[in-house]
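First comes the structure, then the notes that go with it.
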Amino acid sequence: DGIFNTLIDGYATVRNEAEALRAFTRLKESGLVPNIRTFGPLMKLFAMEGKMGRVRELEDEMQLWGLEHNKVTLSTVMDGYVQLGEVQKAYETFKQLSGPRHRPDVVAYTNIIDAFAKGGDMDRALELLADMRRWGVKPNQSTWTVLIGGWGRQGNLQKAMETVREMRSSGLYPTVVTFQCIIQALCNTGQMVKAAAVVDEMEKVGVAPDIQLFTTLMDGYAQAGDVTRALEVFKKLKGMGKELDLQVYSALINALSKVGRMQSALAVVGELRAAGLRLNATVYNTLLDGWSRRGDVWEAAEVLEEMELDGVPPDVVSYTTFINACCKAGDMDKAVETFDLMRSKGIEPNLKTYTTLVDGWGSARFPNRAAAVYDEMLAAGLRPD
RNA sequence: AUCCAGAAAGAUAGCAC
């Protein structure tokens, strides 16, 4: 009976929205009745992308079929709000799970704890941890890792490590994700020596670092301006014979671009292509920024053109980066031209785009133009942060 | 081993610090 559900789930997993919806339509056209497992994957598909409007449509349709939310679908909805940073809405959804008939399970709790941890409200996160334990719901590795990640994001290594101890004393062991959260905390606080020590440590306790962890580490070195060590990590990864993905290459390209080593960055691009990977907008934007930092507006413009030719249309980050390059080079005409161009392509400038332009006019000593752009920003409904 | 419709981690832009 579940052939269409399986299909929908498969397409949802690979994020093929069109096919997933087509399978859903075919299910209904075949005279079959969708069930809660039909809706779950569809909701997840939209929730992951933050398309909560579409999620609500599915909720309505679910009702029409006489289906009620269960803990899985509600957790999915909650996760959508977490992705969007809408903590309050996430919490309201969470409360729907705490009716007289149901109690939130460990996934739901982990979800809501994650919402608060991501929002920086660790007090509330800990309250919910206490609450779940009060109800006899045992935190698992994900729950602990969410908390450790929350402390890590705040750069509170002390609390992060305390939480690791608490996790261990409850009989659970840190996973590679847990270690990665700790390493990220160390990187964010500039403690690269310790970060490297943690990697050694985890190898000793038998948790193998993976590509994502090495990417985090490389990025840490990049932020510290230590390209040499970033390159060492990359070489080590290659030596391990692991299959490298676009993000590792991208992190290295970023490390090189940030210090102006564009020829080396391009060499890495060559490697990436040789490995059968294609550049995406992030990688192109990284290169764009590299040229911008060198003050090379011409090369930056080349990258923009190349993106179009390669079928990777420039996005808001690309244009903002390029506008920044123009501003820094004192070419405000080109900056404004680009600003108009992006809008004509239907790409809405965001807060960073406006700030770049305002600042550009300011640096160029045209306070009136700066103020005009600022007003335009407000008129567009954007508030300065 | 269990589970597998739901939860945790990695790369790009501005200003301020």
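Model, not experiment: these values are computed from the prediction. Below, chains carry the letters A, B, ... as their sequence lines are ordered, and counting in each starts from 1.
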If we ignore angles and hydrogens, is there a donor and acceptor under 3.5 Å between the side chains of Q141(A) and T175(A)? no

Between T76(A) and T73(A), is there a side-chain donor-acceptor contact under 3.5 Å, judged purely by atom types and distance? no

Is there any ring-ring contact (aromatic ring centres under 6.0 Å, His included) pair reaching into residues 315-349 of chain A, and which pairs are they, with sequence neighbours excluded? F339(A)-Y354(A)

All pairs passing ring-ring contact (aromatic ring centres under 6.0 Å, His included) where residues 36-56 of chain A contributes a residue, at least two apart: F24(A)-F39(A)

Assign I36(A) to base, sugar-phosphate, or nothing according to its heavy-atom contacts below 4.0 angstrom with the strands shown. base

Who pairs with E271(A) by salt bridge (Lys or Arg N to Asp or Glu O under 4.0 Å), at least two apart in sequence or on another chain? K238(A)

Please identify each residue that fulfils salt bridge (Lys or Arg N to Asp or Glu O under 4.0 Å) with E127(A), with sequence neighbours left out. R124(A)

Verify the ring-centre separation between F214(A) and F234(A): is it less than 6.0 angstrom? no

Distance, rounded to the nearest Å, where [X] contributes [atom1] and [N] contributes [atom2]:
| X | N | atom1 | atom2 | answer |
| --- | --- | --- | --- | --- |
| F94(A) | G6(B) | CZ | P | 19 Å |
| L147(A) | A9(B) | CG | P | 13 Å |
| N35(A) | A5(B) | CG | C1' | 9 Å |
| M132(A) | A8(B) | CE | P | 15 Å |
| L129(A) | A7(B) | CG | C1' | 15 Å |
| Q83(A) | A9(B) | CD | C1' | 13 Å |
| M78(A) | A5(B) | CE | P | 18 Å |
| L42(A) | G6(B) | CG | C1' | 14 Å |

Suppose the criterion is salt bridge (charged side-chain N to carboxylate O under 4.0 Å, His left out): which pairs have a residue in [range], not counting sequence neighbours?
| range | result |
| --- | --- |
| residues 210-219 of chain A | none |
| residues 220-235 of chain A | D226(A)-R229(A) |
| residues 250-265 of chain A | K258(A)-D289(A) |

Would you state whether a donor and an acceptor, one from the side chain of N140(A) and one from the base of A7(B), lie under 3.5 Å apart? yes

Is a donor-acceptor pair below 3.5 Å formed from side chain T76(A) to base G6(B), judging by atom type as modelled? no

Residues two or more places apart in sequence or in another chain: which of them pass side-chain hydrogen bond (donor to acceptor under 3.5 Å, both in side chains) with Q83(A)? D79(A)

Reading nucleotides 10-17 of chain B from 5' to 3' and marking B where a protein heavy atom lies under 4.0 Å of the base, S where only the sugar-phosphate is that close, and - otherwise, the string is BBBBBS--

Go through residues 8-22 of chain A and report each residue with a non-hydrogen atom lying under 4.0 Å from RNA chain B, sorted by number. D9(A)

Do any of residues 109-127 of chain A sit with a heavy atom less than 4.0 Å from RNA chain B, and if so which? T110(A), N111(A), D114(A), K118(A)

Pairwise C1' distance for A7(B) and C3(B), with rounding to whole Å: 14 Å

Side chain to side chain contact (heavy atoms under 4.5 Å, CB included) filter on D245(A), not counting sequence neighbours, yields I211(A), Q247(A), V248(A)

